[in-house]
Amino acid sequence: MKISEIIDVVKKNCKGYGTIDETKTRDKVLYGDVDKQCTGIVTTIYASYDVIKKASELGANFIIAHEALFWNHGDHTDWLKDNETFKLKKQLLDETGITVWRDHDYIHSGIMHQGRYVDGIFYGLAYELDWLNYISNDDVNRPQQFTIPKTPTREVAQYLMEKMNLKGMKTMGNIDGYTEKIYLPFHIIGEADNRMLSYIEENHVDTILAMEITDFTVAIYMRDGAQAGLAKSVLAAGHFNVEEPGMKWFAEKHLPTLIKDIPVNFIQAGDSYTMLLRK
């Protein structure tokens with residue numbers, strides 16, 4: 001089966017097929033030839049240098065990555081011709097013969113699963129965390145809020161690190177409090193953050209599982225609440241770390257139902273952060 005045929009099969013299984021503008025979508029072939037036979041598929045959150053090497057060692061020549069390959073929106077490379085890191089990564093891709101396709105807009109648009117469309121990234125996260133039964137927001141196909149049994153927040157943080165295979169986690173607020181209502185607000189980058197604060201208040205959220213988070217809006221709000229005696233905390237795992245379990249679910253539970261007789265593996269790009277603690 002050609003790589004181009006696999007891409008087409010994946011797209012046709014998504015809600016966005018026929019509606020996503022192919023001239024504007026981020027879901028492009030970022031590198032390599034799609035007209036060759038596929039020897040194996042690897043999914044990952046990000047096709048890092050190490051992921052490319054590991055994929056080649058597995059005998060795979062096709063990587064489906066959720067994020068950009070060359071560090072910018074749209075994966076433009078004209079400005080990188082003399083960049084040393086770009087040249088080394090390009091050389092590795094050429095040597096391994098690996099093709100990279102970005103699957104961002106399609107997987108978020110909804111992939112057909114058990115008779116309904118689900119956001120493969122955030123449904124996959126809920127699956128990996130065993131939180132499907134704890135989804136408490138209206139859109140269960142894109143989980144964003146969870147109500148779990150009341151648990152010490154430190155235990156929740158440890159559980160998340162174990163399930164997501166992380167070395168550590170940045171925290172803010174009352175880490176010694178409890179967690180019951182968890183909110184996943186996606187991007188906290190200073191835009192529309194007032195709306196997030198209202199949502200937190202109206203839904204009695206005590207813990208945020210954060211991707212990006214700025215210091216001067218939601219983070220400091222939760223810290224003030226904690227200092228005032230409320231059970232408010234932030235577990236800031238990071239963007240790639242939060243979305244990566246969805247690409248694992250995609251490889252293990254979804255792709256094998258679409259693609260037969262081609263090995264499919266997930267490779268974790270690895271914890272985005274190394275935590276240094278003061279001695």
Side-chain angles (χ1 to χ4, degrees), residues 45 66 107-110 118-166 168-249 271-273:
I45 189 68
H66 187 59
I107 195 170
H108 274 310
S109 76
V118 301
D119 182 320
I121 294 299
F122 295 110
Y123 183 91
L125 172 66
Y127 175 89
E128 187 67 17
L129 297 178
D130 295 324
W131 282 0
L132 290 175
N133 292 330
Y134 297 147
I135 298 169
S136 54
N137 58 294
D138 291 336
D139 186 2
V140 295
N141 300 326
R142 177 173 283 181
Q144 194 172 2
Q145 186 172 330
F146 306 90
T147 302
I148 68 171
K150 194 171 182 178
T151 307
T153 301
R154 283 187 182 273
E155 291 184 17
V156 175
Q158 290 296 327
Y159 177 79
L160 289 170
M161 287 186 284
E162 178 182 343
K163 298 294 285 187
M164 298 162 73
N165 194 26
L166 306 180
M169 183 177 293
K170 184 169 71 173
T171 67
M172 287 161 267
N174 187 5
I175 192 64
D176 291 314
Y178 66 85
T179 289
E180 186 173 18
K181 293 193 174 183
I182 301 171
Y183 175 41
L184 173 58
F186 305 149
H187 310 294
I188 308 174
I189 52 178
E191 299 175 2
D193 289 1
N194 287 351
R195 188 163 64 245
M196 291 185 193
L197 297 182
S198 297
Y199 184 93
I200 292 165
E201 176 69 15
E202 291 165 6
N203 291 274
H204 308 290
V205 172
D206 49 63
T207 300
I208 288 175
L209 175 57
M211 301 200 311
E212 293 88 359
I213 185 165
T214 61
D215 288 348
F216 53 80
T217 57
V218 178
I220 200 65
Y221 168 82
M222 298 296 279
R223 190 179 181 198
D224 268 343
Q227 291 178 356
L230 302 177
K232 299 290 185 183
S233 63
V234 177
L235 304 178
H239 185 137
F240 284 21
N241 290 342
V242 167
E243 291 198 323
E244 188 153 53
M247 294 305 286
K248 180 182 179 184
W249 175 84
D271 193 342
S272 298
Y273 305 103

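It should be emphasised that the depicted structure is a prediction, and the values quoted were computed from it without experimental measurement.
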To the closest 0.5 Å, what do you measure between [atom1] ([X]) and [atom2] ([Y])?
X: Ile121; Y: Ile107; atom1: CD1; atom2: CD1; value: 4.0 Å
X: Ile182; Y: Leu160; atom1: CD1; atom2: CG; value: 6.5 Å
X: Lys248; Y: Asn165; atom1: NZ; atom2: CG; value: 8.0 Å
X: Phe122; Y: His108; atom1: CZ; atom2: NE2; value: 5.0 Å
X: Leu129; Y: Lys163; atom1: CG; atom2: NZ; value: 7.0 Å
X: Leu230; Y: Met222; atom1: CG; atom2: CE; value: 9.5 Å

Of the non-hydrogen atoms in [X] and [Y], which two are nearest, and what is the gap between them?
X: Pro245; Y: Val242; answer: CD-O, 3.3 Å
X: Asp119; Y: Arg142; answer: OD2-NE, 2.8 Å
X: Tyr178; Y: Ala231; answer: CE2-CB, 3.5 Å
X: Phe240; Y: Ile45; answer: O-CG1, 3.8 Å
X: Met196; Y: His187; answer: CE-O, 3.1 Å
X: Leu184; Y: Leu209; answer: CD1-O, 3.1 Å

Can you confirm whether [X] is buried at [atom1], in the sense that more than 12 heavy atoms of other residues, nucleotides or ligands lie under 6.0 Å from that atom?
X: Glu201; atom1: CD; result: no
X: Glu191; atom1: CD; result: no
X: Tyr127; atom1: OH; result: no
X: Lys170; atom1: NZ; result: no

Practice problem: Determine, step by step, whether Tyr123 and Leu132 satisfy the side-chain contact (heavy atoms from CB on, under 4.5 Å) criterion, reporting the C-alpha distance in whole Å, the side-chain angles of both residues, the deciding distance to 0.1 Å, and the verdict. | Solution: CA-CA 8 Å; Tyr123 183 91; Leu132 290 175; 3.7 Å; yes

Practice problem: Please assess Leu197 against Val218 for the test side-chain contact (heavy atoms from CB on, under 4.5 Å), listing each intermediate value before the final yes or no. | Solution: CA-CA 7 Å; Leu197 297 182; Val218 178; 4.0 Å; yes

Heavy-atom side-chain contact between [X] and [Y] under 4.5 Å:
X: Asn174; Y: Thr153; result: no
X: Leu235; Y: Ile175; result: yes
X: Asp176; Y: Arg154; result: yes
X: Trp249; Y: Val118; result: yes

[Y] backbone acceptor or donor facing [X] side chain under 3.5 Å:
X: Gln145; Y: Tyr183; value: no
X: Asp206; Y: Lys181; value: yes
X: Asn241; Y: Met164; value: no
X: Lys232; Y: Ile208; value: no
X: Tyr221; Y: Asn194; value: no

Self-check item: Pair Thr179-Phe146, side-chain contact (heavy atoms from CB on, under 4.5 Å): steps then yes or no
Solution: CA-CA 10 Å; Thr179 289; Phe146 306 90; over 6 Å; no

Quiz item: Judged by modelled atom types alone, do Thr207 and Ser233 share a side-chain donor-acceptor pair under 3.5 Å?
Solution: yes

